[in-house]
Peer 1: 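Handing you a structure now.
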Protein chains: 6
Amino acid sequence: MMRAFYIGRFQPYHFGHHKVITRIAEEVDELVIGIGSAQKSHDPNDPFTAGERVLMLHNALEDLSIRHYILPIEDVRYNSIWVHHVAARTPRFDVVYSNNPLVIQLFREAGFCVKESPLYVRETFSGTEIRKLMIAGDEWKHLVPKPVSDVIEEIDGVTRLRNVAKSDNNSSL
Amino acid sequence: MMRAFYIGRFQPYHFGHHKVITRIAEEVDELVIGIGSAQKSHDPNDPFTAGERVLMLHNALEDLSIRHYILPIEDVRYNSIWVHHVAARTPRFDVVYSNNPLVIQLFREAGFCVKESPLYVRETFSGTEIRKLMIAGDEWKHLVPKPVSDVIEEIDGVTRLRNVAKSDNNSSL
Amino acid sequence: MMRAFYIGRFQPYHFGHHKVITRIAEEVDELVIGIGSAQKSHDPNDPFTAGERVLMLHNALEDLSIRHYILPIEDVRYNSIWVHHVAARTPRFDVVYSNNPLVIQLFREAGFCVKESPLYVRETFSGTEIRKLMIAGDEWKHLVPKPVSDVIEEIDGVTRLRNVAKSDNNSSL
Amino acid sequence: MMRAFYIGRFQPYHFGHHKVITRIAEEVDELVIGIGSAQKSHDPNDPFTAGERVLMLHNALEDLSIRHYILPIEDVRYNSIWVHHVAARTPRFDVVYSNNPLVIQLFREAGFCVKESPLYVRETFSGTEIRKLMIAGDEWKHLVPKPVSDVIEEIDGVTRLRNVAKSDNNSSL
Amino acid sequence: MMRAFYIGRFQPYHFGHHKVITRIAEEVDELVIGIGSAQKSHDPNDPFTAGERVLMLHNALEDLSIRHYILPIEDVRYNSIWVHHVAARTPRFDVVYSNNPLVIQLFREAGFCVKESPLYVRETFSGTEIRKLMIAGDEWKHLVPKPVSDVIEEIDGVTRLRNVAKSDNNSSL
Amino acid sequence: MMRAFYIGRFQPYHFGHHKVITRIAEEVDELVIGIGSAQKSHDPNDPFTAGERVLMLHNALEDLSIRHYILPIEDVRYNSIWVHHVAARTPRFDVVYSNNPLVIQLFREAGFCVKESPLYVRETFSGTEIRKLMIAGDEWKHLVPKPVSDVIEEIDGVTRLRNVAKSDNNSSL
């Protein structure tokens with residue numbers, strides 16, 4: 001039995017993530033999906049809560065062919081123990097899929113097997129890009145699975161993002 | 001669509017929890033299950049990590065009739081904001097099932113609908129009792145679903161519990 | 001100009017505190033009142049929120065003869081820096097009034113002038129005692145200023161205290 | 001009885017804040033004033049401690065016509081629970097006055113009534129602008145109430161601000 | 001080159017610790033000594049600051065035959081990552097000496113080589129016992145190296161311990 | 001007996017630090033060296049762990065003429081209490097050497113004697129500069145003591161730095 005780990009912030013979950021996950025699902029038996037920076041929300045770079053992102057992924061992955069676990073992971077104060085923080089919150093896994101150099105470095109130093117996920121094309125599908133489209137009032141729904149845009153609509157997520165993006169550094173929070 | 005919330009520490013998940021959850025599943029459409037005190041482990045009262053408990057529940061609830069979400073919830077420093085901490089990490093729910101007076105009080109003050117779960121019989125099924133049996137070397141496997149005892153065996157959880165239970169208050173940690 | 005500091009948890013504010021404060025008010029020009037453990041609430045020993053305690057003290061001290069500041073102070077993780085944590089959150093003060101040996105020791109080590117407040121009679125007026133009376137359903141209102149019992153009634157504080165006191169150590173929070 | 005809430009960082013308290021507060025005082029019965037980011041100080045954007053800001057506001061608002069509460073509010077790690085963090089530390093309020101889009105969004109999502117405070121003119125009165133004038137050695141006292149410049153002088157606040165503004169990103173703190 | 005790790009709270013450092021450390025020094029080339037619960041002080045079980053304990057160990061171990069590192073280690077919120085928290089703050093070590101069952105369990109689960117330190121006789125030499133003697137006003141100096149009692153005298157540590165031991169659970173801290 | 005305090009982040013320890021420390025060693029009897037931001041690592045500005053930096057300093061300072069203490073100091077959330085946080089973790093010192101304006105301001109406000117260390121030439125020796133050289137693949141070893149480059153080589157620190165420097169703001173950590 002081979003269990004893999006994949007992590008993203010999923011702000012929001014989009015077809016870039018979806019392609020990677022469906023590809024990984026062809027290679028392994030089970031997949032643990034970490035929702036990173038779970039404590040963040042209502043921020044220009046992190047508009048959606050962990051609960052909202054859980055819902056996006058559950059809905060979008062309902063038909064994924066393999067067993068999968070969707071687990072929010074809060075940030076931890078030290079990079080040096082982040083891998084172990086993840087490991088304590090997840091079922092034991094055998095391999096890590098990532099394209100993030102920091103994630104790769106940390107897991108490799110801790111002795112994990114890491115595969116760089118080959119498909120992920122940041123130019124076409126990117127959370128940053130999608131959030132910009134949302135703020136500008138442009139089309140973005142074709143970049144995410146239908147269940148994801150449904151969740152965002154239900155919570156009026158675009159209005160939220162636009163409002164929090166207006167706050168400057170001198171905001172009183 | 002009616003979505004319910006139920007929370008426990010699940011140290012370990014046992015037939016008391018299982019009865020409540022299968023009963024709730026007859027009354028609602030979806031169920032969010034919070035794994036409380038997710039940050040704790042290797043402690044006489046909290047021997048298992050969040051990841052190990054995630055595995056126990058996933059395995060034991062594989063055939064649950066309704067859609068369910070299994071989500072670790074870390075403790076928060078203030079009781080006054082615990083409900084909102086939970087709410088930000090979970091899909092929106094309509095009703096809370098609990099027998100814990102503090103949980104009930106906190107959700108009621110925050111305006112949630114709370115149902116006291118009627119079945120739960122603490123005398124027969126209790127995490128405290130099961131941990132005592134484990135430490136004493138007595139029989140405990142009949143009190144938990146088979147997938148749960150499998151997980152505990154795989155991680156040699158009983159040895160761990162016995163060792164951490166030996167540490168006294170002057171321990172150097 | 002002589003400014004004094006006095007701190008208590010005020011769970012709830014009672015005539016014991018009130019006597020000390022009115023006596024201090026005869027000796028100094030201004031008084032900074034710290035509400036300690038401000039982050040705690042909904043706990044058998046700490047049932048009321050900082051906001052509720054702010055209201056108790058504001059109302060009970062409306063006619064205090066001297067200028068006073070009512071400031072919540074959260075606990076800090078280390079005793080060694082607690083005094084400086086307090087100092088950074090309060091207008092500068094010249095003298096500390098306390099009967100708590102730890103508070104006295106910490107302020108003295110930091111070079112502050114400390115006076116032990118002579119009046120405070122713990123046997124007659126004590127938060128612990130008042131909370132016990134509340135839980136038992138006995139008379140307690142004669143032990144606190146009228147504005148304090150008004151606040152507690154408005155929030156149905158006695159019911160809250162009774163409910164949170166019922167939770168045992170195995171509670172899921 | 002109508003109680004309002006208004007929050008700012010007050011680094012320092014200036015006539016922009018003062019105008020808003022005196023205008024709100026004409027519309028409500030009581031006002032809770034939160035001092036945001038209370039834990040910050042000795043930073044180019046946040047030079048003054050909570051205690052120093054408490055003193056600025058107490059002195060500047062001595063003659064405010066309505067009852068008011070001046071309460072430091074520390075930042076909390078998650079935007080999603082910030083509103084509830086505020087609510088637990090303050091007397092219950094009925095309406096929120098703010099011009100900060102994030103504050104407005106968070107309170108509105110939590111079901112609070114929010115009024116955008118109409119007067120506040122950021123161009124003329126701004127903490128950022130005043131801190132720049134202080135660092136440059138230019139005139140700034142006409143932009144704040146007299147009791148505020150008195151507090152800043154007494155603590156030699158301008159020297160402090162200039163020194164902390166000199167530290168670069170490689171500072172050892 | 002063989003480097004070992006040994007950890008204690010050293011409240012205070014006594015001949016029990018000293019015997020273990022001098023014995024370990026005969027078996028390895030270098031020794032990393034962790035001062036556990038470094039953030040604690042001014043508490044009946046943890047009266048001395050990390051800085052004071054650093055001084056005790058530096059002075060008492062001045063003539064230790066091997067190279068050694070004396071490093072304060074703060075507690076971390078999760079047992080599951082404590083080992084990795086330690087590892088990130090210390091030079092890499094090959095073997096752990098401990099008699100604490102929790103420490104042994106955690107390092108063994110993380111794959112470290114652990115030796116139980118054979119000499120340590122808790123009955124005769126124990127921090128708990130020494131603190132009791134200090135509070136009672138009995139003889140305790142014969143149980144610690146001379147440089148340790150010198151440090152404790154210089155800071156008037158016995159008076160501090162007695163005062164903090166007087167504070168009860170209703171203390172305002 | 002005169003004991004001094006000097007603090008740096010030492011990312012990595014270089015000849016600039018080394019010159020200052022050997023010069024201070026001529027003026028005082030003992031030196032406490034704080035390793036600042038001890039909790040950070042695996043970051044473009046802070047690539048090395050506290051444990052690795054402890055090793056760099058121990059090795060580079062083996063022949064320092066005076067007694068010295070090498071102590072990691074974690075960051076604290078508030079500038080206002082940083083000095084007291086340092087003081088609780090270190091043997092008592094009489095004088096602080098620093099060129100950092102924030103460090104100087106904080107220690108001076110707390111009543112400490114501060115000397116600006118005259119030698120330190122940031123242009124020639126700077127951690128920022130050395131990290132840039134490492135990333136670019138240029139020569140950097142002549143800027144640090146030999147034992148420091150040995151430590152960095154042993155952990156393959158340059159590869160680590162290059163990898164973590166590649167992660168952008170949208171990284172999933």
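Sequence lines set the chain letters: A, B, ... in the order given, protein chains first and strands last, and positions in each chain run from 1.
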Peer 1: Heavy-atom cut-off 4.5 Å, strictly under: side chain, backbone, both or neither for C/R77 against chain F?
Peer 2: neither
Peer 1: For the pair F/W82 and C/H84, evaluate side-chain contact (heavy atoms from CB on, under 4.5 Å) and give the outcome as yes or no after the intermediate values.
Peer 2: CA-CA 9 Å; F/W82 183 79; C/H84 308 286; over 6 Å; no
Peer 1: Return the OG to NE2 distance between C/S80 and F/H85, rounded to the nearest 0.5 Å.
Peer 2: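 Going from OG on C/S80 over to NE2 on F/H85, the span is 9.0 Å.
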Peer 1: Could you pull out all residues at least two apart from F/V151 that satisfy side-chain contact (heavy atoms from CB on, under 4.5 Å)?
Peer 2: F/L55, F/M56, F/N59
Peer 1: Output all residues satisfying salt bridge (charged side-chain N to carboxylate O under 4.0 Å, His left out) with C/D46, sequence neighbours left out; order by chain, then residue number.
Peer 2: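 Listed in chain order: C/R9.
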